[in-house]
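First up is the structure itself, then whatever we jot down about it.
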Amino acid sequence: MRALDLPASTEGMLELVRHVLEFAEQTGLSAQQSYLLRLTAEEIVGNILEHGCVEDAGENITVILEDRTDRIRLVVIDSSAAFDPSELGPPPALERGQSGGVGLFLIRSLIGEIGYRRRAGRNETTVMFDRERPD
Amino acid sequence: MNFEVYLEIRGRTTTVHLSGDLDITTAPMLRSVLDRVTQEERDRLVLDMHELNYMSSAGLRCLAVAHQQAGSDVRIILLGPKPEIVDIIRLAGLDQAVTIAERLT
């Protein structure tokens, strides 16, 4: 299991990408799985940056990556206002200029369930996915 | 993050060549280019994605805004996106607004 504390900033996002790609390489994920893991982590953390924490306000986001042999577990913990990404509905129509929620919609479509709980004043978002993505 | 954009204008077609990673940190660069090119009168706006390794929802939002700004008379063509990128474009329903092709005809 690897845990990483990221600043809630653009630099934090760059660090996240480096961390995720390194994890994907070390755990032998396929290129497709690596893409999916990166997309998932970026969309969750990006959503926190855009709507949750104020950039450079000293807030940290904790990202945990765990290799469970046949599954990968990603946990993102942040201290912004309570927000349950598993409760969002379908995305507004992008082609009509409505883009809110599209990132989390992508994750739900590609992976399935997003787990969420509020614990000790922090949001804890969990995503599990199989190493081999079902078609 | 490694991301590059360059423009090619031929007749009434503008081609935007993309390479590297298009995400929340690099999307503003593409957004500013698209804001500019969608002001010009063109028949086609081509985004060459052959060298694009990665795109997140930030890239999708750029494409959606370009579609809105360019108007319905301008055909937007995405050239050679990798399968993972095609997947998210389709999942988001944006394939209804753009054409995905391997090469220009």
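Every heavy atom of this structure was used, including side-chain atoms; hydrogens, water molecules and symmetry mates were not.
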Hey, quick one: are [X] and [Y] part of the same hydrophobic cluster, counting side-chain heavy atoms closer than 4.5 Å, chains of contacts allowed?
{"X": "Leu30(B)", "Y": "Tyr6(B)", "result": "no"}
{"X": "Tyr116(A)", "Y": "Ile114(A)", "result": "no"}
{"X": "Ile100(B)", "Y": "Leu79(B)", "result": "no"}
{"X": "Met128(A)", "Y": "Val45(A)", "result": "no"}
{"X": "Leu34(B)", "Y": "Ile77(B)", "result": "no"}

**Asked** Is the count of non-hydrogen atoms from other residues, nucleotides or ligands lying under 6.0 Å from Glu51(B) atom CD greater than 12?
**Response** no

**Contacting moiety of Ile85(B), where chain A heavy atoms sit under 4.5 Å** =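 For Ile85(B), the contact with chain A is made by backbone and side chain together.
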
Could you grab the distance from atom [atom1] of [X] to atom [atom2] of [Y], nearest 0.5 Å is fine?
{"X": "Glu42(A)", "Y": "Ile24(B)", "atom1": "CD", "atom2": "CD1", "answer": "8.0 Å"}
{"X": "Thr10(A)", "Y": "Asp23(B)", "atom1": "OG1", "atom2": "CG", "answer": "10.0 Å"}
{"X": "Leu106(A)", "Y": "Asp87(B)", "atom1": "CG", "atom2": "CG", "answer": "10.0 Å"}
{"X": "Tyr35(A)", "Y": "Ile88(B)", "atom1": "OH", "atom2": "CD1", "answer": "4.5 Å"}
{"X": "Gln33(A)", "Y": "Glu84(B)", "atom1": "CD", "atom2": "CD", "answer": "10.0 Å"}

**Message:** Is it the case that the side chain of Glu43(A) and the backbone of Ser57(B) share a donor-acceptor pair, with hydrogens and angles ignored and the cut-off at 3.5 Å?
**Reply:** yes

**Prompt:** Just wondering, do Arg108(A) and Leu91(B) contact through their side chains at under 4.5 Å, heavy atoms?
**Reply:** no

**Request:** Would you list the pairs meeting salt bridge (charged side-chain N to carboxylate O under 4.0 Å, His left out) in which at least one residue belongs to residues 89-105 of chain B, sequence neighbours left out?
**Result:** none

**Prompt:** Taking all atoms of both residues into account, what is the closest heavy-atom pair of Val102(A) and Ala92(B), and its distance?
**Reply:**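 Heavy atoms only, the tightest pair is CG2-CB, 4.0 Å.
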
